[in-house]
*Asks:* 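First the structure, which I've put down as structure tokens, then a few questions once you've had a look.
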Number of protein chains: 2
Amino acid sequence: MRCLLFMRKPKHVRKAELKETIQNNPFITDEALATSFNVSIQTIRLDRLELGIPELRERLKDVARQHHDEVKALTDEEVIGEVIDLQLDETAISIMEIREEHVFTRNGIARGHHLFAQANSLAVAIINDDFVVTGRANVRFSKPVKATERVVAKAKVTAQDDKWTTVIVESYVDQRRVFSGEFQMARGHQD
Amino acid sequence: MRCLLFMRKPKHVRKAELKETIQNNPFITDEALATSFNVSIQTIRLDRLELGIPELRERLKDVARQHHDEVKALTDEEVIGEVIDLQLDETAISIMEIREEHVFTRNGIARGHHLFAQANSLAVAIINDDFVVTGRANVRFSKPVKATERVVAKAKVTAQDDKWTTVIVESYVDQRRVFSGEFQMARGHQD
DNA sequence: CTACTATTAGGACCTAGTCATAGAAATGCG
DNA sequence: CGCATTTCTATGACTAGGTCCTAATAGTAG
């Protein structure tokens, strides 16, 4: 027999659990971990060393830094999705990956405005003018899109006069069309 | 005369600058602040004390915690904007404040998809059904909206059959209409 | 019994602070 | 000018949450 009251877990199990615990609670100290795993602080430190997990303060620094970067990434995101092809006033293509935060928690289907946002910002990007705003849009969501799917939006300028430009955007997941829309974009410099 | 080579700033100026410096770089230590303001560490500590600014580690902890909270807040944000009135299957009103991150940096005008997002999610919220997705939308952006303006969206159910619901949304800044749209919403439980 | 791993313990050191006390320097004012 | 008051600096004692290194112990396998 190898214990009295508290059976210890074998090392590799503890290490796996340790890793997970720290991952979804980076705020925990070695001391707290030690008592929760019922081993000494030194053991926890050894485990962290072997797993390459930094100390509490470094972890917090990392999380905080990440936060800062993310905020920046979000605010200067002029185009939603990644533009992979762009011929001004002709055609453009962008790709957007649907993540958990884009879908309804109830049914896992992407909220319409994210597809709209991708299409709309592509319609803005395609136009060769400093001043562009959307005037009208007529859109259709033909198939639900789920998390992890990659939406490819293809935009095409179909008509143009001195003030208005018509852009057709069609979005696909694999080869299936999930969204289509016609955008009337206003160019020019005032109001 | 009150200096030899390095003119010191008066206390209140330093304090103001200190506050700002820390605000847009929470990662800085007292030591770095001391050398950059050309005063002793203790002075910096006193200033922080008077300004109620916590120490580096606490600041990082705060930023990290904020990050964790924000991620949650974003993911369970089912409605864009704040719903202030809701009669299921009849009418609904929401308010959204346009902030810097919603507008084009070039011209300060709100990106269309944010107005669309507010309207669309209000159209979803108004419908008394667990499963709702947008099928079609026909929208019009009639006036540009700028940062700090508050957009009031009013939604109204105008037609309904066993599968489709038509919702009209009109959005206003002050009394001026800036957006209108007709949304065809699909209810029911599959595909 | 010995070799070995896993664990624990201890001490020295570190950073980035805290709080409290004391002294020095600069400034305002009668 | 001198003196009071503000402002700044210095110092020492203490803290959390670690690092790194060495050494001792416990338990198990051959």
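Every heavy atom of this structure was used, including side-chain atoms; hydrogens, water molecules and symmetry mates were not. In what follows, chains carry the letters A, B, and so on, assigned in the order in which the sequence lines appear, proteins first and then strands, with residues in each chain numbered from 1.
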*Asks:* Which whole-number value in Å describes the distance from B/Asn38 CG to C/dA26 P?
*Replies:*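 It works out to 13 Å between those atoms.
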*Asks:* D/dG17 P sits how many Å from A/Lys61 NZ, rounded?
*Replies:*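 Atom-to-atom, A/Lys61 to D/dG17, this comes out as 15 Å.
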*Asks:* Can you tell me how far P of C/dT15 sits from CG of B/Leu56, to the nearest Å?
*Replies:*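 Spelled out: CG on B/Leu56 to P on C/dT15 is 14 Å.
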*Asks:* Would you check if B/Asp47 and B/Arg14 make a side-chain contact, meaning some heavy-atom pair closer than 4.5 Å?
*Replies:*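 Result yes, sub-4.5 Å side-chain heavy-atom pair found.
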*Asks:* Under the salt bridge (charged side-chain N to carboxylate O under 4.0 Å, His left out) criterion, do B/Glu149 and B/Lys146 qualify, and how do the steps go?
*Replies:* CA-CA 6 Å; B/Glu149 295 186 322; B/Lys146 313 218 161 180; over 6 Å; no
*Asks:* In whole Å, what is the span from the CZ atom of B/Phe27 to the P atom of C/dA16?
*Replies:*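 Distance, rounded to whole Å: 14 Å.
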*Asks:* Mind checking whether A/Phe104 and B/Phe131 have ring centres under 6.0 Å apart?
*Replies:*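 Not under 6.0 Å, so no.
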*Asks:* For each nucleotide in nucleotides 9-14 of chain C, reading 5' to 3', give B when a protein heavy atom comes within less than 4.0 Å of its base, S when such contact involves only the sugar-phosphate, and - otherwise.
*Replies:* BB----
*Asks:* Taking only side-chain nitrogens and oxygens of B/Arg14, does any of them come within less than 4.0 Å of OP1 or OP2 of D/dC8?
*Replies:*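 Checking B/Arg14 against D/dC8: at least one side-chain N or O falls below 4.0 Å of OP1 or OP2.
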*Asks:* Return the residues of residues 43-55 of chain B meeting this criterion: a heavy atom under 4.0 Å from some atom of DNA chain D. Order them by number, or give none.
*Replies:*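 Heavy-atom cutoff 4.0 Å gives B/Thr43, B/Leu46.
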*Asks:* Does NZ or CZ of A/Arg65 lie under 6.0 Å from the centre of the six-membered ring of B/Phe27, at an angle within 45° of the ring axis?
*Replies:*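 Pair A/Arg65/B/Phe27 counts as cation-pi.
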*Asks:* Could you check how far CD1 of B/Ile28 sits from C1' of C/dG17, rounded to whole Å?
*Replies:*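 Taking atom C1' of C/dG17 as the reference, CD1 of B/Ile28 is at 15 Å.
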*Asks:* Dot-bracket, 5' to 3', for DNA chain D please: Watson-Crick or G-U pairs under 3.5 Å, [ ] where pairs cross earlier ones, | where the partner sits on another strand, dots elsewhere.
*Replies:* ||||||||||||||||||||||||||||||
*Asks:* Spell out, as yes or no, whether a donor-acceptor pair under 3.5 Å connects the side chain of B/Glu182 to the backbone of B/Val169.
*Replies:*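 Answer holds: no.
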*Asks:* Could you walk me through whether A/Arg48 and A/Glu55 satisfy the salt bridge (charged side-chain N to carboxylate O under 4.0 Å, His left out) test, starting with their C-alpha distance in whole Å, then the side-chain angles of each, then the deciding distance to 0.1 Å, before giving a yes or no?
*Replies:* CA-CA 8 Å; A/Arg48 267 202 304 103; A/Glu55 61 167 287; over 6 Å; no
*Asks:* Step through it carefully: locate the ring centre of B/Phe183, locate the ring centre of A/Phe141, and say whether they are under 6.0 Å apart.
*Replies:*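 No, too far apart.
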*Asks:* Let me know the distance between CG of B/Asp30 and P of D/dT9, rounded to the nearest Å.
*Replies:*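 Checked: the CG to P distance equals 13 Å.
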*Asks:* Do any N or O atoms from the side chain of A/Asp89 and from the backbone of A/Asn128 form a donor-acceptor pair under 3.5 angstrom?
*Replies:*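 Such a contact is found between A/Asp89 side chain and A/Asn128 backbone.
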*Asks:* Looking at B/Glu50 and B/Lys15, is any side-chain nitrogen of the basic one under 4.0 Å from a carboxylate oxygen of the acidic one?
*Replies:*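 Between B/Glu50 and B/Lys15 there is a salt bridge, with a charged N closer than 4.0 Å to a carboxylate O.
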*Asks:* Is it the case that the side chain of A/Arg177 and the backbone of A/Tyr172 share a donor-acceptor pair, with hydrogens and angles ignored and the cut-off at 3.5 Å?
*Replies:*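 Not confirmed, A/Arg177 side chain does not pair with A/Tyr172 backbone.
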*Asks:* Would you name the heavy atoms of B/Gln118 and B/Ser121 that are closest together and state the gap between them?
*Replies:*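 Shortest heavy-atom separation between B/Gln118 and B/Ser121 comes out as O-OG, 3.3 Å.
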